Q: 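Provided herewith is a single structure, encoded as structure tokens, for subsequent inquiry.
Quick caveat, the model's predicted, so the values are computed rather than measured.
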Amino acid sequence: MDVHLSAAHWVYLAGILVILATMAVRKNIVVPAVTATLLTAWAFSGSVITGLASVFNASLTAAKELFNIFLIIALVTAMLGALRQMGADRLMVTPFRRVMRNGTSSFIVLAIVTYVISLFFWPTPAVPLVGAVLIPVAIRAGLAPLSVGMVVAITGQGMALSSDYIMKVAPGISAKAAGADPDVVADKALVLSLIVGVTALVITFALQRRTWRKPSADLLVEWEDKADHLLAEQPDTPPAVPAGPDETTAEPDTGARPAVAATPDGAAAPTSAATAVLARPQALDSASEPQALRAKVFALLVPIVYLGLIVYLMLGKFTGLVPPLGSGEAAAIVGGIAALILFAASAANDKRDFLESSSAHVVDGLVFAFKAMGIVLPIAGFFFIGNGEFSGPILGLADDAKGPAFLFDLINAAQSHLSPNPFVTAFAVLLVGLVAGLEGSGFSGLPLTGSLAGALGPAVHMDPSTLAAIGQMGNIWSGGGTLVAWSSLVAVAGFARVPVLSLARKCFLPVLTGLVLCTIFAILVW
């Protein structure tokens with residue numbers, strides 16, 4: 001196919017290369033993305049006014065397409081804030097401590113609980129929750145601190161977040177950029193994430209088992225005594241975690257209290273808005289028997305409700321007993337349930353002023369959602385301008401005018417120079433995802449890998465949803481918190497009380513092996 005490449009095409013290509021180079025040196029890519037958007041629109045239209053307007057229009061278009069993702073993050077975060085206020089979040093995982101008797105059982109329980117909590121609520125609350133409740137029990141049972149960190153990182157930051165199957169934030173971004181069905185991308189990402197995760201866990205179990213010791217209370221004392229030594233090593237790591245959807249600030253000095261979710265600028269979240277409403281003298285009441293009973297009720301209610309949703313989803317997908325949910329409906333139901341639980345929990349916490357506390361939690365959730373995910377908007381806007389479905393509104397074209405598809409045109413022009421080999425293409429998309437993740441954020445590179453999947457898929461006769469899922473694996477396993485020490489892996493290392501660089505190095509071989517296997521599986525099966 002003969003494609004005419006204009007100056008705008010070359011400017012857009014230069015923008016992609018600059019963004020990749022910026023990611024590779026672990027710098028934030030918002031400024032390059034916005035600059036590239038302006039220059040591309042200017043080169044296309046010949047008007048600097050259009051270029052300036054495109055900076056706003058690109059982020060606005062991305063916000064319109066991705067706001068449902070922001071909203072569900074806000075509602076779930078708000079719900080967790082209300083549950084945390086009454087102590088129900090800790091009670092949800094307390095029963096698992098009874099079966100953590102030795103290193104092997106602790107390894108399995110830690111993996112399952114971290115995965116399930118992270119799958120429903122993201123690793124942001126899962127890491128401090130597991131760190132405060134289960135990690136000390138696992139250490140006492142004989143599990144080595146480094147093994148603990150690897151299990152939590154692989155199952156939470158990696159396996160759960162890379163599929164994001166319940167909230168479907170990552171599949172939504174990937175699918176939107178690739179022009180694919182979000183549910184199909186989510187299904188494939190779930191399978192690939194399980195392949196990577198199980199492979200990494202098996203390798204971790206085999207390599208780390210020799211470091212485990214016999215259960216003893218002395219192990220916990222010894223582990224706690226190493227806190228000062230760990231704090232002495234922490235300054236060698238970057239103090240601030242780059243922006244991403246799943247960042248926490250560890251508190252390695254105690255290991256007995258939840259961490260505070262960190263925002264891209266390092267500020268604590270999501271507590272600011274609720275401080276005035278929630279900071280009233282309820283400490284004594286929270287320790288009372290009625291309050292403890294309410295916490296137990298919600299600790300039981302929340303898992304049951306979401307388990308019921310899972311059962312419904314499975315029945316709709318694999319049987320005809322109930323009508324299946326359409327695209328986006330499952331995520332909407334998760335958000336609706338979160339809102340109702342938020343209101344009920346707020347009323348249980350403070351019947352007199354629950355209207356104000358509920359609103360404060362919602363504001364906290366929205367603030368956190370935009371601080372955690374807002375950085376994606378200008379980045380996604382740049383890659384949307386390369387997609388013909390979105391470039392028209394960004395460039396200010398008439399509603400009936402078809403926008404240019406810069407990225408697809410570049411791919412089509414390069415087809416004659418590319419090997420139409422699915423193996424080469426799939427591993428190239430995986431590599432781009434891994435490089436994108438070097439920034440330390442698991443989600444900012446998803447628009448890039450999604451766009452590449454949509455452009456390269458037809459050229460090599462592969463389903464774009466498959467390539468999008470592969471790129472998603474590279475992005476999140478790299479930057480989501482398993483392979484780079486400047487990501488939210490810092491939080492995991494803090495709770496496990498191990499040097500973050502050592503944890504990243506130990507995770508490298510198991511995770512990379514899993515990524516290679518999942519990519520081969522995707523090529524051969526799909």
Q: Can you confirm whether W223 sits close enough to I135 that some side-chain heavy atom of one is under 4.5 Å from a side-chain heavy atom of the other?
A: yes
Q: Could you tell me how the ring of F370 sits relative to the ring of F70: parallel (under 30°), tilted (30 to 60°) or perpendicular (over 60°)?
A: tilted
Q: Can you name the one residue among L194, I154, L517 that meets side chain to side chain contact (heavy atoms under 4.5 Å, CB included) with T199?
A: L517
Q: Are a donor atom and an acceptor atom from the side chains of S162 and W477 found within less than 3.5 Å of each other?
A: yes
Q: Are L524 and F423 side-chain neighbours, meaning at least one heavy-atom pair lies under 4.5 Å?
A: yes
Q: Would you check, one step at a time, whether the test side-chain contact (heavy atoms from CB on, under 4.5 Å) holds for F443 with I173?
A: CA-CA 8 Å; F443 280 32; I173 297 174; 4.1 Å; yes
Q: So which heavy atom on A504 is nearest to which on L483, and how close?
A: CB-O, 3.8 Å
Q: Do K296's NZ or CZ and the ring of F298 fall within the cation-pi criteria of under 6.0 Å and 45°?
A: no
Q: For P422 and M462, which heavy atoms make the closest approach, and how far apart are they?
A: CB-SD, 3.6 Å
Q: List the steps, then state whether side-chain contact (heavy atoms from CB on, under 4.5 Å) holds for V109 with S106.
A: CA-CA 5 Å; V109 172; S106 296; 6.0 Å; no
Q: Let me see the working for F427 and V516 under side-chain contact (heavy atoms from CB on, under 4.5 Å), right down to the final yes or no.
A: CA-CA 8 Å; F427 276 99; V516 171; 4.2 Å; yes
Q: Could you please spell out the steps behind the side-chain contact (heavy atoms from CB on, under 4.5 Å) verdict for T425 and L467?
A: CA-CA 8 Å; T425 301; L467 286 176; 4.1 Å; yes
Q: Would a distance-only check, ignoring hydrogens and angles, find a side-chain to backbone donor-acceptor pair under 3.5 Å from T319 to L315?
A: yes
Q: What distance do M473 atom CE and I195 atom CD1 have between them, rounded to the nearest 0.5 Å?
A: 9.5 Å
Q: Could you check if a side-chain atom of R213 sits within less than 4.5 angstrom of a side-chain atom of E222, using non-hydrogen atoms only?
A: yes
Q: For the residue pair A496 and V148, what are the closest heavy atoms and their distance?
A: CB-CG1, 4.3 Å
Q: Can a donor-acceptor pair be found, under 3.5 Å and without considering hydrogens, that links the side chain of S478 to the backbone of N475?
A: no
Q: First locate atom CG of L83, then atom CG of L301, and finally report the distance between them rounded to the nearest 0.5 Å.
A: 9.0 Å
Q: Distance from D187 atom CG to L190 atom CG, nearest 0.5 Å?
A: 7.0 Å
Q: Do L20 and L448 make a side-chain contact, defined as non-hydrogen atoms from C-beta onward lying under 4.5 Å apart?
A: yes
Q: Once you round to the nearest 0.5 Å, how far does NZ of K168 lie from OG of S163?
A: 10.5 Å
Q: Between T104 and W212, is any pair of side-chain heavy atoms under 4.5 Å apart?
A: yes
Q: Can you tell whether the side chains of D218 and R140 come within less than 4.0 Å, N to carboxylate O?
A: no
Q: Give the minimum heavy-atom separation between A141 and P215, together with the two atoms involved.
A: O-CG, 3.4 Å
Q: For F508, look at atom CZ and say whether over 12 heavy atoms of other residues, nucleotides or ligands are found less than 6.0 Å away.
A: no
Q: Assess, by modelled atom type and distance only, whether the side chains of Q472 and S174 contain a donor and an acceptor separated by less than 3.5 Å.
A: yes
Q: Write down the atom of A493, the atom of P499, and the distance for their closest heavy-atom approach.
A: CB-C, 4.5 Å
Q: Side chains of T211 and L146: does their closest heavy-atom pair fall under 4.5 Å?
A: no
Q: With the side chain counted from C-beta on, respond yes when I333 and L309 share a heavy-atom pair under 4.5 Å apart, and no when they do not.
A: yes
Q: Working to the nearest 0.5 angstrom, can you tell me the gap between T77 OG1 and H361 NE2?
A: 12.0 Å
Q: I need the minimum non-hydrogen distance between C518 and L192, along with the two atoms involved.
A: O-CD2, 3.4 Å
Q: Answer yes or no: is there a side-chain heavy-atom contact under 4.5 Å between T482 and L503?
A: no
Q: CE/M150 to CG/L201 distance, rounded to the nearest 0.5 angstrom?
A: 9.0 Å
Q: Classify the ring geometry between W526 and F521 as parallel (under 30°), tilted (30 to 60°) or perpendicular (over 60°).
A: perpendicular
Q: When you measure from the side chain of T114 to the backbone N and O of A111, does any donor-acceptor pair fall under 3.5 Å?
A: no
Q: Do the side chain of S118 and the main chain of Y115 share a donor and acceptor less than 3.5 angstrom apart?
A: no
